[in-house]
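What follows is a short report on a single structure.
In what follows, every heavy atom counts, from backbone to side chain, and hydrogens, waters and symmetry copies are set aside. Computed from a predicted model, the values in this text were never measured in an experiment.
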Amino acid sequence: WFPRDVPAVADVAIFNSTSPSAVIRVEENHTVGTVWFTGDSDYTLTTGTNGTGNLQITNELLYDAVGTLSFQTPRPAFRINTIKQTEGVIKVATDILFEGDVGALEVQQNGTFRLQENANLLFYGQSPGVSVLGDFGGNGTINLRGNREGIFRNAGRVAPGASPGKITIEGDYVQTS
């Protein structure tokens, strides 16, 4: 992204790379309505070389690519209303703040979501929650006790990371299958 090419608050940013991998580096502070990843590339979402840049997504981040999306920053830099993952793998190696009118994470049946390096998912939306139909794993904390008490609903598979693996859920956990 170059500042003159960045979508506005109500716009949709679509990434459909044909290369094997693509790096999206957020160098400045940006607010975007929706970010949509598609195709079969691996994507890395990161901040500037000096750790600068924040990305706020006011609607949703939709991941329906078959590759991997990696969140990699030295500090928390992403504020997202909702992440909806229909397939592929999402790896999170930083803290993500879920806020807005929803503040939720949805991992569909063909999705795999992994917390890496003790990452934290912090939910401060009006309807905070995690819904898992696919796979969820890794090492980290899911804090569903922001503005309202949230629920982690699992109808898929939750598996902590390598031994000793630990996922801490602060909030209610409901096993639905």
Side-chain angles (χ1 to χ4, degrees), residues 1 5-17 22-26 28-47 53-73 76-116 119-138 140 142-156 169 171 176:
W1 282 347
D5 297 327
V6 175
V9 174
D11 291 338
V12 177
I14 300 172
F15 295 96
N16 185 8
S17 178
V23 175
I24 297 99
R25 187 176 315 278
V26 180
E28 298 178 8
N29 296 335
H30 296 289
T31 300
V32 179
T34 299
V35 177
W36 179 20
F37 293 92
T38 186
D40 57 1
S41 294
D42 290 333
Y43 298 95
T44 300
L45 190 54
T46 187
T47 56
N54 293 294
L55 178 62
Q56 180 175 2
I57 301 172
T58 59
N59 186 21
E60 68 183 5
L61 183 147
L62 177 60
Y63 191 73
D64 66 357
V66 294
T68 299
L69 170 61
S70 298
F71 288 86
Q72 296 179 347
T73 64
F78 304 109
R79 294 178 11 209
I80 301 172
N81 185 15
T82 300
I83 293 179
K84 292 182 180 177
Q85 178 186 13
T86 60
E87 59 184 326
V89 176
I90 294 179
K91 295 179 180 179
V92 177
T94 188
D95 294 352
I96 296 179
L97 176 61
F98 290 82
E99 62 181 11
D101 60 342
V102 179
L105 168 63
E106 297 178 20
V107 181
Q108 297 299 318
Q109 188 170 0
N110 294 324
T112 300
F113 194 96
R114 293 281 178 255
L115 294 173
Q116 297 182 312
N120 296 297
L121 304 180
L122 310 166
F123 292 83
Y124 288 92
Q126 296 302 311
S127 302
V130 176
S131 174
V132 176
L133 296 173
D135 290 332
F136 188 99
I142 298 100
N143 183 340
L144 293 160
R145 294 188 171 144
N147 296 342
R148 303 182 193 282
E149 185 79 16
I151 299 173
F152 189 112
R153 294 183 196 288
N154 179 34
I169 299 173
T176 58

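In this structure, CZ in Arg25 is found 7.5 Å from OG1 in Thr47, a value given to the nearest 0.5 Å. Here CD1 of Ile24 is found 5.0 Å from CZ of Phe15. Values are rounded to the nearest 0.5 Å. The line from CG of Leu69 to OG of Ser41 is 11.5 Å long, rounded to the nearest 0.5 Å.
Residue pairs meeting the ring-ring contact (aromatic ring centres under 6.0 Å, His included) criterion with at least one member in residues 79-112, sequence neighbours excluded: Phe98-Phe123.
Here Gln72 pairs with nothing under the side-chain hydrogen bond (donor to acceptor under 3.5 Å, both in side chains) rule; sequence neighbours left out. Taking Thr34 as the reference, Asn59 meet the side-chain hydrogen bond (donor to acceptor under 3.5 Å, both in side chains) condition, with sequence neighbours excluded. For Thr86, the side-chain hydrogen bond (donor to acceptor under 3.5 Å, both in side chains) criterion is met by no residue, not counting sequence neighbours. Here Lys91 pairs with nothing under the side-chain hydrogen bond (donor to acceptor under 3.5 Å, both in side chains) rule; sequence neighbours left out.
Residues Ile142 and Phe136 meet the side-chain proximity criterion, which asks for heavy atoms closer than 4.5 Å. The closest side-chain heavy-atom distance from Asn143 to Asn120 is not below 4.5 Å. Two residues are said to be in side-chain contact when any heavy atoms from C-beta on lie closer than 4.5 Å; Leu45 and Leu55 meet this criterion.
Shown are Leu61, Leu62, Ile90, Asp64; of these, the side chain to side chain contact (heavy atoms under 4.5 Å, CB included) with Phe37 is made only by Leu61.
Side-chain atoms of Asn16 and Trp36 form no donor-acceptor pair, as typed in the model, at a separation below 3.5 Å.
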Per-pair distances, 0.1 Å, donor-acceptor, side chain in residues 99-116, under 3.5 Å, sequence neighbours excluded:
unit_1: Glu99; atom_1: OE2; unit_2: Arg79; atom_2: NE; d: 2.6
unit_1: Glu99; atom_1: OE2; unit_2: Arg79; atom_2: NH2; d: 3.3
unit_1: Asp101; atom_1: OD1; unit_2: Asn81; atom_2: ND2; d: 2.6

